[in-house]
J.: 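Below is the structure I would like to discuss, written out as structure tokens.
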Amino acid sequence: MEIRQVRHFVAVTTHGSFTAAARAELIVQSALSSSIRKLERELGAELFERTGRRPLLSPAGEAFLPAARALLAEADAAREAVSAVTGLSAGRVAIGTIQTLTSVDLPRELAAFHRAWPGVQISVRDATTEDLLDALLARELDLAYLALDDSGLPDGLTGFASWQEELVLMTAPEHRLAGAGRTLLSDLVAEPFVDFRAGTGLETTVRRLAAHCGLNRQITCEVTQIRLLADLVRAGIGVAIVPRQVAESAGLPGVRIRQPDPLRTVVLAGRGPDLANPAANALLKQLTAVR
């Protein structure tokens with residue numbers, strides 16, 4: 001049963017004749033009559049008594065009419081719902097991010113997106129890169145900011161933009177290296193460190209950097225929140241290697257590290273190359289616009 005056939009049937013009952021219904025549906029009368037005949041064959045009963053000048057509903061037609069109107073109402077509601085989503089007057093987009101994202105002012109970008117599309121609900125999740133990758137592949141997230149290692153993105157995901165972030169040594173204001181301007185990793189052998197718990201994106205990057213340089217760090221304290229990490233460094237419990245903007249936002253010294261110059265790669269990724277969710281496509285455009 002096609003919605004078009006049901007609509008033609010209801011049009012005849014509304015307008016009182018096949019001629020008037022065809023005119024209202026913008027088709028020729030023969031096409032409308034053929035459509036209703038096909039509907040009657042599918043239902044196994046005649047819907048109209050065609051003996052008089054005006055078509056009258058048969059008992060089967062009387063029984064079918066309420067259901068037909070309900071079908072049309074549901075079809076119209078479905079079209080309106082799809083139109084709302086594709087037109088972005090409604091919908092939902094889910095984005096993930098690492099805690100230490102500094103390449104992008106995500107709150108500002110999401111606020112701009114909300115002003116443009118106020119009917120779209122935004123869901124934000126912060127997690128480790130590993131968890132964000134799993135959520136992308138499980139279709140729980142549309143997009144995510146990830147801190148990638150050398151392994152790159154798994155199959156099924158596409159990187160839409162990437163940034164290089166400088167890593168610095170964040171210290172307490174009174175630390176011996178606070179005013180040094182730069183330091184070598186080899187100078188940090190005796191330093192206690194505050195770090196994220198093992199497995200987080202930044203911890204993995206820093207651990208590999210230290211191993212590459214032969215630095216066996218003394219981890220005094222492990223945390224799960226960037227604000228707590230900064231507060232512990234400020235209190236003098238240890239130093240930390242973080243993106244430069246993390247140190248600047250915390251108001252703490254960020255000492256440049258040399259030999260090697262440490263960098264971290266951040267990627268905006270999603271299930272690509274084409275996103276199925278119109279709201280996600282609109283957000284991606286917002287996040288990758290050249291400014």
Side-chain angles (χ1 to χ4, degrees), residues 1-95 110 113-123 135-143 155-158 160 270-288:
M1 182 189 308
E2 298 179 6
I3 289 295
R4 174 176 53 86
Q5 296 169 344
V6 176
R7 191 175 299 279
H8 291 165
F9 162 72
V10 173
V12 174
T13 66
T14 300
H15 297 283
S17 73
F18 284 82
T19 302
R23 189 181 302 117
E25 293 294 305
L26 302 178
I27 60 174
V28 298
Q29 182 176 333
S30 60
L32 182 134
S33 298
S34 175
S35 175
I36 292 177
R37 284 294 188 190
K38 289 180 182 178
L39 176 62
E40 289 175 325
R41 285 196 295 270
E42 290 183 28
L43 294 174
E46 290 192 355
L47 300 175
F48 293 101
E49 296 178 357
R50 298 174 172 83
T51 56
R53 294 181 59 185
R54 294 171 60 87
L56 299 176
L57 286 173
S58 67
E62 292 280 4
F64 180 61
L65 182 58
R69 286 173 172 161
L71 282 172
L72 294 183
E74 290 178 3
D76 288 342
R79 273 191 291 270
E80 289 174 3
V82 172
S83 177
V85 171
T86 56
L88 297 183
S89 60
R92 182 178 182 276
V93 61
I95 184 168
L110 293 181
F113 178 79
H114 174 68
R115 287 192 297 270
W117 310 109
V120 176
Q121 180 186 6
I122 305 169
S123 173
L136 281 172
L137 293 171
R139 300 183 180 275
E140 297 170 3
L141 294 174
D142 296 296
L143 296 163
D155 291 342
L157 298 183
T158 298
F160 297 109
R271 295 184 306 278
D274 298 316
L275 300 178
N277 181 357
N281 270 317
L283 179 57
L284 177 61
K285 184 177 181 180
Q286 167 77 33
L287 297 175
T288 57

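In this text the structure is predicted, and so the values were computed from the model without any measurement.
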J.: In chain order, what residues pass the ring pair (Phe, Tyr, Trp, His ring centres under 6.0 Å) check against F48, with sequence neighbours excluded?
T.: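 F48 satisfies ring pair (Phe, Tyr, Trp, His ring centres under 6.0 Å) with F9, F18 once adjacent residues are dropped.
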J.: Nearest 0.5 angstrom please: L56 CG to R50 CZ, how far?
T.: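 Going from the CG atom of L56 to the CZ atom of R50 covers 11.0 Å.
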J.: Is any side-chain heavy atom of Q5 less than 4.5 Å from a side-chain heavy atom of E42?
T.: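 Q5 vs E42: side chains touch.
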J.: Could you walk me through whether F160 and L143 pass the side-chain contact (heavy atoms from CB on, under 4.5 Å) check?
T.: CA-CA 10 Å; F160 297 109; L143 296 163; 4.0 Å; yes
J.: Minimum heavy-atom separation for A282 and L88, please, with both atom names.
T.: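 Looks like CB-CD1, 3.4 Å.
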J.: For the residue pair F64 and L39, establish whether any side-chain heavy-atom pair is separated by less than 4.5 Å.
T.: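 Counting from C-beta outward, F64 and L39 do come under 4.5 Å.
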J.: Could you measure the distance from the CG atom of N277 to the CG atom of L284? Nearest 0.5 Å is fine.
T.: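 It comes to 11.0 Å.
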J.: Hey, could you give me the CD/OG distance between E25 and S35, rounded to the nearest 0.5 Å?
T.: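 With rounding to 0.5 Å, CD (E25) is 9.0 Å from OG (S35).
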J.: Nearest 0.5 Å, what's the CG-OG1 distance between L275 and T158?
T.: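 One gets 8.5 Å once the value is rounded to the nearest 0.5 Å.
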J.: Identify the heavy atoms of A68 and V10 that sit nearest to each other, and give their distance.
T.: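 Smallest interatomic distance, heavy atoms only, reads CB-CG2, 3.8 Å.
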J.: Write down the atom of A279, the atom of R92, and the distance for their closest heavy-atom approach.
T.: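 Looks like CB-O, 3.9 Å.
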J.: Quick one, L283 and D142 - any side-chain contact, counting heavy atoms below 4.5 Å?
T.: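 In short, these two side chains do not touch, never coming nearer than 4.5 Å.
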J.: Report the distance from atom CD of E140 to atom CG of L137, rounding to the nearest 0.5 Å.
T.: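 Separation between the atoms: 10.0 Å.
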J.: Evaluate the side-chain proximity of I3 to R7: yes if any heavy-atom separation is below 4.5 Å, no if none is.
T.: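 Yes, side chains in contact.
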J.: Go through it in stages, so that I can follow the logic: the residues are L287 and F113, the test is side-chain contact (heavy atoms from CB on, under 4.5 Å), and I'd like the CA-CA distance, side-chain angles, deciding distance and then a yes or no.
T.: CA-CA 9 Å; L287 297 175; F113 178 79; over 6 Å; no
J.: For atom CZ of R4, decide whether the heavy atoms of other residues, nucleotides or ligands shown that lie under 6.0 angstrom number more than 12.
T.: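 More than 12 heavy atoms, drawn from other residues, nucleotides or ligands, come within 6.0 Å of this atom.
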J.: Please examine the side chains of T13 and L47, heavy atoms only from C-beta on, and report whether any two atoms are closer than 4.5 Å.
T.: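 No, their side chains stay 4.5 Å or more apart.
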J.: Using modelled atom types and a 3.5 Å cut-off, is there a donor and acceptor pairing between side-chain atoms of R271 and backbone atoms of A138?
T.: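 Looks like no, no N/O pair under 3.5 Å.
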J.: Could you check R54 against E49 for side-chain contact (heavy atoms from CB on, under 4.5 Å), going step by step and ending with a plain yes or no?
T.: CA-CA 9 Å; R54 294 171 60 87; E49 296 178 357; over 6 Å; no
J.: Which is it for S33 and R37 under the side-chain contact (heavy atoms from CB on, under 4.5 Å) test, yes or no, and what are the steps along the way?
T.: CA-CA 6 Å; S33 298; R37 284 294 188 190; 5.5 Å; no
